[in-house]
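Notes to accompany the following structure.
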Amino acid sequence: MANLKVVKIDPTTGRKVVVALKDVSPYWLYDTKTISDTENIQSFFTNVKKNDDVATNMLNDSVLPSGWKFNIGAIRVVPDFSADPALVANLIFNSIVEFNKEGSEIFKAPTFVFNAGAGVPTKATNGDYTNQAVLLLPLQMQIEGNTPFEFRLKSKAQLGQGNSVTVKMVLDGIVYKNIVTA
């Protein structure tokens, strides 16, 4: 298979330029992990369950497919709405989210910064259950295909023995994929 390419003329230089065509669309990258006292550090988008579309839409561990570019515009931390509200509050206010790309830390911030923007009005959530509550990043961050990345949630919350909270990490953004021909 080959990437679909087109030849254009650069208006400034008059030279021919070969450009790979891209499919551009909104995209939500998501993964699900469970936080407990014994599992208090979880790496999202790693060790993915490729056969469970509800848990994750990652195709490979820690990398996007070759030829993809994903511009992240917002990050959401979405707790299970059926979890005990006290456990959710304890987790959200006693944990941090780290973003690492190619082995380097890009940022670290408290989990409560990344509002869910989703939920059921009578259930526990992270922030208001409205899209307007979601923090838009001050600048888009880009992840490219085959570039290792990781979002990690580190918790110091004391959830109690046998208690846990299932959490989804959702990245809102725009994906650029190569158009491939047979």
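Numbers here are sequence positions counted from 1. What you are looking at is a predicted structure, and each value in this text was computed from that prediction instead of being measured.
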| message | If I take atom CG from residue Leu91 and atom CD from residue Gln158, how far apart are they, to the nearest 0.5 angstrom? | response | 11.5 Å
| field | Val54: hydrophobic cluster co-members (side-chain, 4.5 Å) | value | none
| query | With hydrophobic residues grouped by side-chain heavy-atom distances under 4.5 Å, do Ile143 and Ile75 end up in a single group? | reply | yes
| message | Any heavy-atom pair between the side chains of Val97 and Arg152 that's under 4.5 Å? | response | no
| said: Let me check something: do Phe44 and Met141 share a hydrophobic cluster, defined by ILVMFWY side-chain heavy atoms less than 4.5 Å apart, either directly or through other members? | reply: yes
| message | Could you tell me if the side chain of Thr34 sits less than 4.5 Å from the side chain of Val167, heavy atoms only? | response | no
| request: Classify the side-chain pair Asn71/Gln142 by whether it contains a donor and acceptor separated by less than 3.5 Å. | output: yes
| query | Are Ile96 and Met169 co-members of a hydrophobic cluster defined by side-chain heavy atoms under 4.5 Å apart? | reply | no
| message | To check you understand the geometry: which heavy-atom pair defines the closest contact between Ala157 and Asp37, and what is its length? | response | O-OD1, 3.3 Å
| query | In this structure, are over 12 heavy atoms from other groups packed under 6.0 Å from Glu105 atom CD? | reply | yes
| task | Any chance you could measure Asn100, atom CG, to Glu150, atom CD, to the nearest 0.5 Å? | result | 5.5 Å
| Atom pair OG1/CG of Thr46 and Asn60 - distance to nearest 0.5 Å | 12.5 Å
| message | Would a single hydrophobic cluster contain both Ile174 and Tyr30, if residues Ile, Leu, Val, Met, Phe, Trp and Tyr are joined by side-chain heavy-atom contacts under 4.5 Å? | response | no
| message | Please give me the minimum heavy-atom distance between Ser95 and Thr111, naming the atom from each residue. | response | OG-OG1, 2.7 Å
Distance-only donor-acceptor pairs under 3.5 Å for side chains of residues 61-70, two or more places apart:
residue	atom	partner	partner atom	Å
Asp61	OD1	Asn47	N	3.2
Asp61	OD1	Val48	N	2.9
Ser66	OG	Asn146	ND2	3.4

| query | For Asn40 and Lys156, what are the C-alpha separation, side-chain angles and deciding distance, and is it a side-chain contact (heavy atoms from CB on, under 4.5 Å)? | reply | CA-CA 7 Å; Asn40 58 355; Lys156 290 193 177 202; over 6 Å; no
| said: Distance check, rounded to the nearest 0.5 Å: Phe151 atom CZ versus Lys33 atom NZ? | reply: 14.0 Å
| request: State the CZ-OG distance between Phe99 and Ser104, to the nearest 0.5 angstrom. | output: 10.5 Å
| message | Would you say that Glu102 contacts Thr147 through its side chain, given a criterion of any heavy-atom pair below 4.5 Å between the two side chains? | response | yes
| message | Once rounded to the nearest 0.5 Å, what's the spacing between atom CG of Asn94 and atom OG of Ser155? | response | 7.0 Å
| Quick one: does Ile72's side chain get under 4.5 Å of Asp172's, heavy atoms only? | no
| field | Residues Glu98, Leu153; criterion side-chain contact (heavy atoms from CB on, under 4.5 Å); working and verdict | value | CA-CA 7 Å; Glu98 291 179 346; Leu153 191 144; over 6 Å; no
| Distance-minimising heavy-atom pair for Ala55 and Thr32 | O-OG1, 2.7 Å
| Nearest heavy-atom pair of Asn115 and Val134: which atoms, and what distance? | O-CG2, 4.1 Å
| message | I'd like to know if Lys168 pairs up with Asp31 as an ion pair, taking the criterion as any Lys NZ or Arg NE/NH1/NH2 lying under 4.0 Å from an Asp or Glu carboxylate oxygen. | response | no
| query | Do Asn163 and Asp84 have side chains that get closer than 4.5 Å, going by heavy atoms? | reply | no
| said: Quick one about Ser36 and Ser164 (side-chain donor to acceptor, distance below 3.5 Å, no hydrogens or angles considered), yes or no? | reply: no
| query | Listed by chain and number, what are the ring-ring contact (aromatic ring centres under 6.0 Å, His included) partners of Phe149, not counting sequence neighbours? | reply | Phe45
| Same apolar cluster (I L V M F W Y, side chains within < 4.5 Å links), Val175/Trp28 | no
